[in-house]
Chemist: 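Mind having a look at this structure? Questions to follow.
Everything numeric here is computed off the predicted structure, so don't read it as measured data. Throughout, numbering of the chain's residues begins at 1 and tracks the sequence.
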Amino acid sequence: MPSTPPASNDIVISGVAATGAPLANAAVAIIDRKGNTVGSGKTDAAGFFRLNVNPLYGGPLVVQATRENPVAGKDMLVALADTKTSTTVNVNTLSNLVAALVSVTGSPSTLAADLASGKVTFDAKALLTKWKEAEAVIAPLLTALKADIAAIRSGSAPADGTGPDQVLDALGISITSNKDTSTIEITVKTTDNGNGQQLPVIRFTNAMPLALILAQNGITPTEINGQPITTASLPAPGTSPQVADLLERMTACFALPLKARANYETTTVTAAQCRALFSNNDPTTYRHSGAAVGPGGAFPGLFLESGTGASFVQGTFEYKRDNGDIVFSFASLSRDLTPRREESVATMGPDGKLRLIGDQYRFAGSVNPMAELRSYMDGALPALISTGYDIKVPVQEINDENIVRVDVTSPRGTKYSLVRGSSSMTLPKLDRNFVPEKNADGTIADSSSAFVRLNVITAVDFAFGGIGSADKVTYTGERDLQLLQQTESDEIIASYPSRGIWTMEYFTKMSGSPVARQTVRTRARAMSLQELSESGLVSPLRAYTLALKGLDPLLPEPTAPDPVKSLFFPLQDLRSTSYAWSTIAPPPYTPPLAPMSIRVLGRRITPESIPPYVDFVDSLALPPDTRQAKVPCELNTFVSHCDAQGLYMKNTWLDGAQLLSQDGNGREFSSMLSTWRINN
């Protein structure tokens with residue numbers, strides 16, 4: 001919020017903090033070259049700030065705007081200035097890009113410390129040069145929108161989705177640190193034309209000369225890599241305020257008492273203001289990734305008391321579909337403060353307000369980039385670090401026929417065929433020759449995992465610099481650990497587009513051709529092993545890991561007479577299992593990402609079935625400050641592994657427990673504690 005009026009000798013720094021949408025209630029800090037905070041305050045609801053600065057500061061200045069992110073902790077944007085007079089300094093994704101170009105390592109978040117230590121220095125002339133470089137890189141977008149980058153830098157740029165702010169709405173900029181440099185990816189959020197063409201992406205490192213950036217990315221005044229950038233293909237003026245308005249209306253609906261907003265028994269939405277959230281004021285028109293509105297489908301909180309008081313914030317325009325509908329993401333926060341990052345589709349209503357419509361897909365299916373720290377309960381196997389993509393497709397049917405196969409094609413053209421598992425479609429289980437194993441009835445055995453590991457390394461090699469020369473991890477036979485015959489290099493992993501298209505084709509047993517073909521986009525790409533090493537997000541020392549102590553009751557007796565019980569961890573007769581987690585990272589490391597959920601992975605041995613087991617997953621959403629939780633035996637899962645009293649049934653075993661966290665770009669981070677033992 002605006003500070004008190006300045007004294008006559010004070011310098012005032014004002015501006016707008018925005019990503020397109022405003023950074024509301026963000027903390028703003030102005031730091032000088034000596035590392036002193038010489039001005040601080042908050043943005044208002046429109047992202048505006050106006051701060052007094054001590055006139056005795058040592059220039060130049062780093063301006064940081066930091067907001068709380070309910071899913072990923074904090075979001076920070078940086079802008080730079082060299083001034084001795086009052087001026088406007090806007091803090092946005094483009095100023096953050098310029099900060100990356102100024103930084104030696106390409107990391108805006110360390111610029112204040114690097115400036116204070118003398119690792120980096122800049123003046124007004126150097127800043128202008130870097131802004132000119134940024135202008136050249138996004139020239140096709142500026143041409144299409146007839147926008148002036150000077151207004152984005154230090155002019156009037158209200159966060160209203162028009163003028164300079166429309167440029168920010170149309171850009172997705174990610175900066176990923178990689179040892180001594182950073183990889184910068186700029187996605188232009190053009191219309192998805194429905195034919196599988198990727199969104200235009202500009203990719204370079206912070207140290208790359210401008211001429212090389214322009215040449216390698218095919219940047220002309222109107223095109224990027226041969227793709228024209230036109231006004232019609234970009235978000236319409238005012239898009240971010242329209243998304244914000246929709247989220248405010250959603251929050252107002254969920255603030256109503258349950259009896260006023262919906263009827264659980266008839267699964268109908270009764271409140272007029274809740275019905276008005278949907279296309280044609282009709283919730284039955286909504287379908288997203290196979291789910292319709294209902295207690296067991298989309299927006300289940302509408303029908304549950306626990307949904308009362310949920311809020312929806314921080315909306316982000318993602319891209320426009322070829323029919324004019326927009327895809328947007330947002331953070332949802334339940335009454336108990338459990339956060340989630342979600343995505344949906346909205347269409348324009350006759351009143352000029354966005355209405356929820358969904359993607360209208362018949363089947364569920366999504367893909368998230370994921371990295372995993374995998375440790376073993378008995379410590380006999382080394383911990384592993386993996387990076388890749390987690391494909392999520394539940395078991396489904398159409399016209400009473402099971403979906404038995406889903407072919408998934410990556411943005412690089414690699415095809416993965418998923419087979420039907422107990423509760424989800426999974427990759428086939430591979431033998432040590434990387435050939436799919438078969439069940440007794442001739443069907444392909446499922447692995448219980450659909451995590452496509454692009455590369456995997458031991459935690460020892462990961463921690464001690466052996467990323468480029470580490471030996472391949474040997475085959476263990478573990479069911480949910482897919483080890484690849486050929487790993488992909490860091491360079492190839494980094495070449496996946498951030499908003500890459502993954503195509504999913506669904507087959508029944510009798511269908512020769514797919515019964516449905518759907519495409520989904522990621523919001524970020526998988527991180528390379530080197531990038532993960534720099535980030536520390538899956539470091540054994542810095543990530544949250546499950547404590548072994550609480551699982552002592554599950555440990556088998558060393559001399560157990562039953563050979564099965566000597567290999568597995570029994571859950572039989574338990575209602576829940578308590579798990580605790582912590583990190584041993586000392587300062588100065590920043591806190592790791594808080595887990596959003598915990599999952600218990602297990603199986604029930606059923607000799608009468610083929611295969612002779614059924615896998616299950618019990619999960620629990622977590623508020624961000626939780627460090628211990630009991631995960632109950634779930635009665636409503638696809639697999640019958642709990643009895644009527646909520647106890648795990650006979651011959652039910654624990655395979656592992658998994659903590660899942662997520663960053664603001666949709667990347668997932670898994671901390672997996674596996675019960676696999678060498679003599680399994």
Chemist: Counting C-beta onward and ignoring hydrogens, is there a side-chain heavy-atom pair between Leu94 and Leu168 closer than 4.5 Å?
Modeler: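 Answer yes - side chains close enough.
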
Chemist: Just do the side chain to side chain donor-acceptor pair (under 3.5 Å) check on Thr347 and Asp325 with the steps written out, would you?
Modeler: CA-CA 5 Å; Thr347 191; Asp325 293 347; 2.7 Å; yes

Chemist: Could you tell me if Arg521 sits above the aromatic ring of Tyr319, with its cationic atom closer than 6.0 Å to the ring centre and no more than 45 degrees from the axis?
Modeler: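 Judged by the rule, Arg521 and Tyr319 form a cation-pi pair.
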
Chemist: Would you call Glu668 and Arg341 a salt bridge, taking side-chain N to carboxylate O under 4.0 Å as the test?
Modeler: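 No, Glu668 and Arg341 are not salt-bridged.
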
Chemist: Under the rule for side-chain contact (heavy atoms from CB on, under 4.5 Å), what residues qualify as partners of Ala21, not counting sequence neighbours?
Modeler: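 With neighbours one apart ignored, the set is Thr19, Ser240.
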
Chemist: Among residues at least two apart in sequence or on other chains, which ones pass salt bridge (Lys or Arg N to Asp or Glu O under 4.0 Å) with Lys132?
Modeler: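 Here the qualifying residues are Glu135.
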
Chemist: Under 3.5 Å, which donor-acceptor pairs do the side chains of residues 97-106 form with other protein atoms, sequence neighbours left out?
Modeler:
from: Ser103; atom 1: OG; to: Thr105; atom 2: N; distance (Å): 3.2
from: Ser103; atom 1: OG; to: Thr105; atom 2: OG1; distance (Å): 3.4
from: Ser103; atom 1: OG; to: Gly106; atom 2: N; distance (Å): 3.0
from: Ser103; atom 1: OG; to: Ser107; atom 2: N; distance (Å): 3.2

Chemist: Using the side-chain hydrogen bond (donor to acceptor under 3.5 Å, both in side chains) criterion, which residues pair with Ser528? Sequence neighbours excluded.
Modeler: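 With sequence neighbours excluded, Ser528 shows a side-chain hydrogen bond (donor to acceptor under 3.5 Å, both in side chains) to Glu531, given in chain and number order.
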
Chemist: How many angstroms lie between CD in Gln530 and CD1 in Ile467, if you round to the nearest 0.5 Å?
Modeler: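 With rounding to 0.5 Å, CD (Gln530) is 4.5 Å from CD1 (Ile467).
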
Chemist: Going through the distances and angles, do Thr522 and Arg667 end up as a side chain to side chain donor-acceptor pair (under 3.5 Å)?
Modeler: CA-CA 9 Å; Thr522 56; Arg667 291 186 177 112; over 6 Å; no

Chemist: For the side chain of Arg453 and the backbone of Gly388, is there at least one donor-acceptor N/O pair under 3.5 Å apart?
Modeler: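 Here the side-chain-to-backbone pair does not exist.
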
Chemist: For Phe204, enumerate each residue passing the ring pair (Phe, Tyr, Trp, His ring centres under 6.0 Å) test, keeping only those at least two apart in sequence or located in another chain.
Modeler: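 For Phe204, no residue satisfies ring pair (Phe, Tyr, Trp, His ring centres under 6.0 Å) once neighbours in sequence are set aside.
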
Chemist: If the condition is side-chain hydrogen bond (donor to acceptor under 3.5 Å, both in side chains), which residues does Tyr544 pass it with, not counting sequence neighbours?
Modeler: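 Per chain and number, Tyr544 pairs via side-chain hydrogen bond (donor to acceptor under 3.5 Å, both in side chains) with Arg627.
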
Chemist: If I take atom CD1 from residue Ile175 and atom OG1 from residue Thr205, how far apart are they, to the nearest 0.5 angstrom?
Modeler: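 Going from the CD1 atom of Ile175 to the OG1 atom of Thr205 covers 12.0 Å.
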
Chemist: Of all residues at least two apart in sequence or in a different chain, which pass the side-chain contact (heavy atoms from CB on, under 4.5 Å) check with Ala124?
Modeler: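 Counting only residues at least two positions away or on another chain, Ala124 forms a side-chain contact (heavy atoms from CB on, under 4.5 Å) with Asp82.
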
Chemist: Decide yes or no for Ile186 and Val137: does some side-chain heavy atom of the first lie under 4.5 Å from some side-chain heavy atom of the second?
Modeler: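 In short, these two side chains touch, coming nearer than 4.5 Å.
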
Chemist: Using modelled atom types and a 3.5 Å cut-off, is there a donor and acceptor pairing between side-chain atoms of Thr43 and backbone atoms of Leu23?
Modeler: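 At least one qualifying donor-acceptor pair exists.
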
Chemist: Not counting sequence neighbours, which residues clear side-chain hydrogen bond (donor to acceptor under 3.5 Å, both in side chains) with Arg499? List them please.
Modeler: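 With sequence neighbours excluded, Arg499 shows a side-chain hydrogen bond (donor to acceptor under 3.5 Å, both in side chains) to Glu318, given in chain and number order.
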
Chemist: Go through Phe317 and Ile326 one step at a time and tell me if the side-chain contact (heavy atoms from CB on, under 4.5 Å) criterion holds.
Modeler: CA-CA 7 Å; Phe317 169 79; Ile326 70 163; 4.0 Å; yes

Chemist: Kindly state each residue pair satisfying side chain to side chain donor-acceptor pair (under 3.5 Å) with at least one member in residues 214-236, sequence neighbours excluded.
Modeler: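 Passing the test, one end in residues 214-236: Thr230-Ser233.
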
Chemist: Side-chain contact, heavy-atom cut-off 4.5 Å: Asn90 with Thr88?
Modeler: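 Asn90 vs Thr88: side chains touch.
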
Chemist: Please list, chain by chain and in numerical order, all residues satisfying salt bridge (Lys or Arg N to Asp or Glu O under 4.0 Å) with Lys353, sequence neighbours excluded.
Modeler: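 Applying salt bridge (Lys or Arg N to Asp or Glu O under 4.0 Å) to Lys353 gives Asp245.
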
Chemist: Please report the interatomic distance CG(Asn206) to OG1(Thr181), rounded to the nearest 0.5 Å.
Modeler: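 Separation between the atoms: 6.0 Å.
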
Chemist: Regarding Ser495 and Arg412, is there a side-chain donor-to-acceptor distance under 3.5 Å anywhere?
Modeler: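 Result is yes, a qualifying pair exists.
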
Chemist: Holding to ring pair (Phe, Tyr, Trp, His ring centres under 6.0 Å), I want the full list of residues that pass it with Tyr389, two or more places apart in sequence or in another chain.
Modeler: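 Here the qualifying residues are Tyr496, Trp502.
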
Chemist: Under 4.5 Å between any side-chain heavy atoms of Phe669 and Leu373, yes or no?
Modeler: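 No. Closest side-chain heavy atoms not under 4.5 Å.
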
Chemist: Got a sec, which residues hit side-chain hydrogen bond (donor to acceptor under 3.5 Å, both in side chains) with Arg321, two or more places apart in sequence or on another chain?
Modeler: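 Not a single residue meets the side-chain hydrogen bond (donor to acceptor under 3.5 Å, both in side chains) criterion with Arg321.
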
